[in-house]
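Notes for the one structure printed next.
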Amino acid sequence: MNAEQPRRPPLDAAAVGATGRWRVEVVESSGSTNADVAQRYAAGEAEGLVLVAEHQTAGRGRLGREWVSPARSSLTVSFLLVPAADVAPVRWGWLPLATGLATAAAVRRTTGVDVALKWPNDVLADDGRKLGGILLERVDRDGTPAAVIGIGLNCTQTADELPVPEATSLALAGAADVDRATVLGALVEELDGLLEGWAGGEDLRAAYVGECSTLGREVRVTVPGGEVLGEAVDVDADGQLVVRTASGEQHLGAGDVVHVRPTDAS
């Protein structure tokens, strides 16, 4: 028998409020909030838009994977960030990692659910199941680059609403009550603070290393042209995953990571 359908009230943008540069808009439906924000930037939208969809019908994860969920069961949101011209290009690699830190902090703060981060852009429950993911896309307008930061977070899905057994939701992970407006408000605040440090060159490495469950594991990383097998041992100053292989260390700027075995107890 299916579990009782959870209560899923609409998300009230006014309840989220505004923090710093950000202004929140809620739409009933979107094919992809990332695509919508990218289109709006191309049409002249200013930095600071936070677009939330109650139902995302053609959401995308990394590597073009489909990401969909029942209406009002998730937090599907995209942020429009226009970095200052003097931000070093290498700092862009830290954007998804900083976003992961902000998401983890917001989840803990509002739900009490403990989470970990899987490099480069997955948010995991403490049992290793996926709670959400991050999709960063760079767009340009008249030579000015912007970052569209997409976040998808499973909130109230029941077990039979999840697409794969490796996924979970905040409700299934133990959150007694999930108020999406409260979670989003915390996410906006946490991301705003971390982006200030990111733009100023502040080192996020120590914080990320402390929360990255990929480190210390045997991993299989799919990269263009093949796979890298070895132990994930570090995240370097540029946000790249350092994998120790039989032929030496490799520094990977992107890739699809599979955790081969649990972290050894010590």
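Values in this document were obtained by computation on a predicted structure and should not be read as measured data.
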Which heavy-atom pair separates [X] from [Y] by the least distance, and what is that distance?
{"X": "A173", "Y": "A125", "result": "CB-CB, 4.3 Å"}
{"X": "G197", "Y": "R91", "result": "O-NH2, 4.4 Å"}
{"X": "R8", "Y": "P70", "result": "NH1-CB, 3.9 Å"}
{"X": "E211", "Y": "A104", "result": "OE1-CB, 3.6 Å"}
{"X": "R72", "Y": "P10", "result": "NH1-CD, 3.5 Å"}
{"X": "S78", "Y": "G150", "result": "OG-CA, 3.8 Å"}

Are any of the side-chain heavy atoms of [X] and [Y] separated by less than 4.5 Å?
{"X": "Y41", "Y": "T144", "result": "yes"}
{"X": "L172", "Y": "T158", "result": "no"}
{"X": "L75", "Y": "I151", "result": "no"}
{"X": "S213", "Y": "H259", "result": "yes"}
{"X": "R21", "Y": "L81", "result": "yes"}
{"X": "K118", "Y": "R217", "result": "no"}
{"X": "L49", "Y": "R23", "result": "yes"}
{"X": "L136", "Y": "T99", "result": "no"}

Going from [atom1] on [X] to [atom2] on [Y], what distance comes out if it is rounded to the nearest 0.5 angstrom?
{"X": "D12", "Y": "R180", "atom1": "CG", "atom2": "CZ", "answer": "11.0 Å"}
{"X": "H251", "Y": "L241", "atom1": "NE2", "atom2": "CG", "answer": "9.5 Å"}
{"X": "R129", "Y": "S169", "atom1": "CZ", "atom2": "OG", "answer": "11.0 Å"}
{"X": "E54", "Y": "L11", "atom1": "CD", "atom2": "CG", "answer": "5.5 Å"}
{"X": "T103", "Y": "L117", "atom1": "OG1", "atom2": "CG", "answer": "8.0 Å"}
{"X": "R244", "Y": "L229", "atom1": "CZ", "atom2": "CG", "answer": "15.0 Å"}

Is there a donor-acceptor contact under 3.5 Å from the side chain of [X] to the main chain of [Y]?
{"X": "W119", "Y": "G239", "answer": "yes"}
{"X": "N154", "Y": "T168", "answer": "yes"}
{"X": "E47", "Y": "V82", "answer": "yes"}
{"X": "T33", "Y": "A53", "answer": "no"}

If two hydrophobic side chains count as joined below 4.5 Å and joins carry through other members, does [X] share a cluster with [Y]?
{"X": "V233", "Y": "V235", "answer": "no"}
{"X": "V113", "Y": "L187", "answer": "yes"}
{"X": "V139", "Y": "L95", "answer": "no"}
{"X": "I134", "Y": "V258", "answer": "no"}
{"X": "W92", "Y": "L204", "answer": "yes"}

(Q) Set out, in order, the CA-CA distance, both residues' side-chain angles and the distance that settles side chain to side chain contact (heavy atoms under 4.5 Å, CB included) for E231 and E249, then state yes or no. (A) CA-CA 9 Å; E231 181 186 1; E249 289 187 351; over 6 Å; no
(Q) Pair L80, R40 - check side chain to side chain contact (heavy atoms under 4.5 Å, CB included), show working. (A) CA-CA 10 Å; L80 177 60; R40 288 177 62 168; over 6 Å; no
(Q) Quiz question: by atom type and distance under 3.5 Å, do the side chains of S32 and N34 form a donor-acceptor pair? (A) no
(Q) Assess, by modelled atom type and distance only, whether the side chains of S247 and T245 contain a donor and an acceptor separated by less than 3.5 Å. (A) yes
Q: For the pair L252 and V243, evaluate side chain to side chain contact (heavy atoms under 4.5 Å, CB included) and give the outcome as yes or no after the intermediate values.
A: CA-CA 8 Å; L252 307 177; V243 179; 3.9 Å; yes
Between [Y] and [X], is there a salt bridge with N-O shorter than 4.0 Å?
{"X": "E166", "Y": "K130", "answer": "no"}
{"X": "D234", "Y": "R205", "answer": "yes"}
{"X": "R141", "Y": "E45", "answer": "no"}
{"X": "R108", "Y": "E190", "answer": "no"}

Q | Residue among V24, L51, V52, V188 satisfying side chain to side chain contact (heavy atoms under 4.5 Å, CB included) with V77 | A | V52
Q: Give the C-alpha distance, both sets of side-chain angles, the deciding distance and a yes or no for side chain to side chain contact (heavy atoms under 4.5 Å, CB included) between W94 and L101.
A: CA-CA 11 Å; W94 274 102; L101 285 170; 5.9 Å; no
